[in-house]
Amino acid sequence: RSYVFVSRLIIFALLLIALSSPYSIYEKLAQSEPAVVFMMDNSSSFDLFDRSKGYELDEQLEQQLEIDLRLSGDSLDSPLGDDLLASLRKGGSVLVMSDGQINKGASLGEVALRAQQLNATINVLEMEPTKPDYSVIIDGPSKINTGIETEFTIQVVGTPAREHDVVLYVDGQEVMKNKARDEFMFNKKFSDGYHTLQAELVTENDYFKENNVFYKSVKVIDKPAIAFVSTDVSPLPTLLKDVYVVESVSSFGSLEKPYAVVLNDLPAASVEPDAETLRQFVSSGNGLVVFGGLNSFDRGGYKGTSFEN
């Protein structure tokens with residue numbers, strides 16, 4: 001009994017000690033990533049902005065936070081996306097000072113997706129350029145058909161917004177001179193072959209003169225041939241002839257020449273015998289367009305056929 005009493009007394013004493021100190025303090029010094037990565041644009045396009053503001057901000061932040069200042073890009077290359085991806089850490093934070101211009105590497109969309117996966121935060125400083133700069137761009141297709149009037153958009157980009165003279169050349173010949181503040185349209189039909197469009201921005205007090213001329217190459221090709229397969233009279237061939245050479249047929253034939261096949265309201269019974277031919281035709285990189293109607297799709301018995309597959 002004495003042994004049991006002593007044992008219980010010791011246990012009770014240990015419980016009192018444990019209750020009086022329910023936890024202990026343990027300290028460990030470990031290496032960790034910087035609290036904030038400060039990514040500053042070092043490419044030439046960012047020369048339009050006051051880069052000294054970034055260094056001033058870095059000094060101010062270092063008084064309160066651990067800051068890792070990193071420079072992205074150089075005079076010719078701006079791999080901002082790659083540099084941001086390399087700086088992302090799980091739960092980390094990145095502060096960006098940049099104009100967002102990227103000419104190599106990952107896009108900002110890829111960076112945003114990766115940041116979401118890592119639960120990382122990216123903050124961007126809002127800045128206004130301190131130097132004026134303007135550029136001109138020609139927006140339009142690079143491949144067009146012979147004899148088809150094609151529209152091109154000439155855009156003037158820059159700050160602060162103001163009107164400029166823009167001269168447009170086609171194959172070295174001046175075809176238009178226009179005053180533009182933002183954009184204007186240009187329409188032209190081209191002959192076969194390759195042609196060059198050149199837009200020149202005439203302006204003063206412009207920081208980068210290199211982007212005042214824009215070149216665009218246009219390849220003009222013959223209208224592609226398509227086979228229009230139909231057993232009924234349709235207005236579709238008339239509409240398609242503006243862009244294509246349309247051959248109206250009632251059956252597929254060899255399908256060697258057409259760029260694409262257009263099926264107009266055909267039942268499965270008409271299409272199924274040639275389903276394998278169509279499969280090989282499309283697998284070779286050609287096009288297939290199917291128009292519906294009273295005799296096709298659900299009404300045409302497509303369900304479960306080789307053509308539907």
Problem set entry | Pair Ser230-Asp232, side chain to side chain donor-acceptor pair (under 3.5 Å): steps then yes or no | CA-CA 6 Å; Ser230 179; Asp232 297 325; 5.4 Å; no

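- Here the side chains of Asn187 and Thr150 are not in contact, with every heavy-atom distance at 4.5 Å or above.
- Within the cation-pi definition used here (under 6.0 Å to the ring centroid, within 45° of the axis), Lys223 does not qualify as a partner of Tyr244.
- The number of heavy-atom neighbours closer than 6.0 Å to CD of Gln173, taken from other residues, nucleotides and ligands shown, is 12 or below.
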For this session: Just do the side-chain contact (heavy atoms from CB on, under 4.5 Å) check on Asp133 and Asp206 with the steps written out, would you?
Result: CA-CA 5 Å; Asp133 183 64; Asp206 186 26; 3.0 Å; yes

Problem set entry | Check against side chain to side chain donor-acceptor pair (under 3.5 Å), Thr153 and Asp139 | CA-CA 5 Å; Thr153 303; Asp139 185 26; 5.1 Å; no

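- With a 4.5 Å cut-off between side-chain heavy atoms of Ile, Leu, Val, Met, Phe, Trp and Tyr, the cluster of Val156 takes in Tyr134, Val136, Ile137, Ile138, Ile144, Phe152, Ile154, Val157, Val166, Leu168, Val170, Val175, Met176, Phe184, Phe186, Phe190, Leu197, Leu201, Phe214, Val218, Val220.
- Under a 4.0 Å N-O distance rule, the pair Arg70/Asp68 qualifies as a salt bridge.
- Counting heavy-atom neighbours within 6.0 Å of Arg162 CZ, excluding the residue itself, gives a total above 12.
- Under the 4.5 Å side-chain criterion, counting only non-hydrogen atoms from C-beta, Leu240 is not in contact with Thr238.
- Applying the 6.0 Å contact sphere to CD of Glu204 captures no more than 12 heavy atoms from other residues, nucleotides or ligands.
- In terms of hydrophobic clustering, with Ile, Leu, Val, Met, Phe, Trp and Tyr side chains grouped at heavy-atom distances under 4.5 Å, Val249 and Ile226 are assigned to different clusters.
- For Asn211 (side chain) and Ser135 (main-chain N/O), no donor-acceptor pair under 3.5 Å exists by modelled atom type.
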Please output the side-chain donor-acceptor pairs of residues 71-86 that fall under 3.5 Å, not counting sequence neighbours, one pair per line with the distance.
| unit_1 | atom_1 | unit_2 | atom_2 | d |
| --- | --- | --- | --- | --- |
| Ser72 | OG | Asp83 | OD2 | 2.6 |
| Asp74 | OD1 | Leu76 | N | 3.0 |
| Asp74 | OD1 | Asp77 | N | 2.8 |
| Ser78 | OG | Gln101 | O | 2.6 |
| Asp82 | OD1 | Ala106 | N | 2.8 |

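- In this structure a side-chain-to-backbone donor-acceptor pair under 3.5 Å is present from Asp171 to Thr196.
- Ring-plane geometry between Tyr302 and Phe307 is classed as perpendicular, the angle between the planes exceeding 60 degrees on a 0 to 90 degree scale with a lower cut at 30.
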For this session: Evaluate the criterion side chain to side chain donor-acceptor pair (under 3.5 Å) for residue pair Gln63 and Glu59; output intermediate values, then yes/no.
Result: CA-CA 7 Å; Gln63 297 177 9; Glu59 292 180 0; over 6 Å; no

Exercise. Going through the checks in order, is the side-chain contact (heavy atoms from CB on, under 4.5 Å) test met by Phe228 and Glu247?
Worked result: CA-CA 6 Å; Phe228 184 81; Glu247 181 182 359; over 6 Å; no

For this session: Mind running side-chain contact (heavy atoms from CB on, under 4.5 Å) on Ser142 and Lys216 for me, showing each step along the way?
Result: CA-CA 8 Å; Ser142 298; Lys216 183 176 182 65; 3.3 Å; yes

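- With contacts defined as side-chain heavy-atom distances shorter than 4.5 Å, the pair Leu118/Arg89 does not qualify.
- The local environment of CD in Gln116 is sparse, with at most 12 non-hydrogen atoms from other residues, nucleotides or ligands closer than 6.0 Å.
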For this session: Please assess Glu272 against Ser306 for the test side chain to side chain donor-acceptor pair (under 3.5 Å), listing each intermediate value before the final yes or no.
Result: CA-CA 7 Å; Glu272 192 66 9; Ser306 299; 3.1 Å; yes

